[in-house]
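Beneath this line is the structure, given in structure tokens, with notes to follow.
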Amino acid sequence: MLVRHSQRDPPFDRPRFTPAGAQQLSRSALVKMAAPDQLYTLKNLFWVGNYQKALNEAATLHLGGTELGTQRDVLVYRTYIALKQYSVVLSEIPADPSTSAPLQAVRLL
């Protein structure tokens with residue numbers, strides 16, 4: 001025989017209470033949050049300090065001119081800075097205003 005601990009325990013088939021300020025996430029937002037991070041390995045190699053492997057990993061990623069491509073480029077140039085190869089960063093990132101803001105910030109490092 002199954003006995004509930006208290007008469008105040010709600011039955012399991014009732015919907016759960018949602019606070020008034022809580023927002024329901026749309027299906028597209030859930031899919032976007034669950035999407036795999038294509039730069040995961042590159043970020044980990046960079047933060048661990050394995051810079052040469054990070055450069056090798058970045059060379060295998062083909063992300064094009066997308067936002068992920070810019071993030072990859074930022075990590076690559078930060079890796080060159082960590083390796084003290086400043087001339088590579090200065091020669092490859094142009095100083096003109098048409099360069100994206102994250103890359104301009106890395107150039108100033």
Side-chain angles (χ1 to χ4, degrees):
M1 178 176 174
L2 190 60
V3 179
R4 290 198 311 192
H5 296 295
S6 155
Q7 291 297 333
R8 293 183 181 192
D9 288 343
F12 293 106
D13 59 342
R14 284 190 192 166
R16 294 180 184 237
F17 173 74
T18 305
Q23 296 178 356
Q24 295 293 332
L25 293 175
S26 67
R27 181 169 171 77
S28 63
L30 289 174
V31 169
K32 187 175 183 182
M33 287 178 10
D37 186 7
Q38 296 177 347
L39 299 176
Y40 180 79
T41 305
L42 177 59
K43 289 177 186 177
N44 279 335
L45 290 170
F46 175 78
W47 288 113
V48 168
N50 198 342
Y51 301 124
Q52 191 57 51
K53 280 198 175 193
L55 289 174
N56 294 342
E57 175 68 22
T60 64
L61 296 174
H62 302 289
L63 302 172
T66 63
E67 182 181 335
L68 283 175
T70 302
Q71 291 177 10
R72 180 207 52 215
D73 292 345
V74 166
L75 284 169
V76 166
Y77 292 128
R78 288 183 65 190
T79 301
Y80 280 124
I81 291 170
L83 291 171
K84 298 181 182 179
Q85 296 179 1
Y86 312 114
S87 59
V88 174
V89 177
L90 292 175
S91 66
E92 290 188 10
I93 300 176
D96 60 7
S98 66
T99 307
S100 67
L103 289 176
Q104 287 179 358
V106 170
R107 189 176 198 284
L108 292 175
L109 286 174

Beyond-backbone contact of Arg72 with Leu42, side-chain heavy atoms, under 4.5 angstrom: yes
Inter-residue atom distance Asn56.CG - Thr41.OG1, 0.5 Å rounding: 13.0 Å
Same apolar cluster (I L V M F W Y, side chains within < 4.5 Å links), Tyr77/Leu109: yes
Ser100: side chain to side chain donor-acceptor pair (under 3.5 Å) partners, not counting sequence neighbours: none
Heavy-atom pair with the smallest gap, counting every atom of Arg78 and Trp47: NH2-CH2, 3.9 Å
Nearest atoms (heavy-atom pairs only) where Ile81 meets Tyr86: O-CE2, 3.7 Å
Shortest non-hydrogen separation from Gln38 to Leu68 and the atoms involved: OE1-CD1, 3.2 Å
Nearest-0.5 Å distance that lies between atom CD in Glu57 and atom CG in Leu39: 9.0 Å
Nearest-0.5 Å distance, CD of residue Gln85 to OG1 of residue Thr79: 10.0 Å
Atom of Pro102, atom of Val74 and distance for their closest heavy-atom approach: CB-CG2, 3.7 Å
Connected via hydrophobic side-chain network under 4.5 Å: Val106 and Leu75: yes
Within one Ile-Leu-Val-Met-Phe-Trp-Tyr cluster: Leu103 and Val89, side-chain cutoff 4.5 Å: yes
Shortest non-hydrogen contact from Ala95 toward Arg107: CB-CZ, 3.8 Å
Shortest non-hydrogen separation from Tyr51 to Ala82 and the atoms involved: CZ-CB, 3.5 Å
Minimum side-chain heavy-atom gap Leu55-Leu83 below 4.5 Å: yes
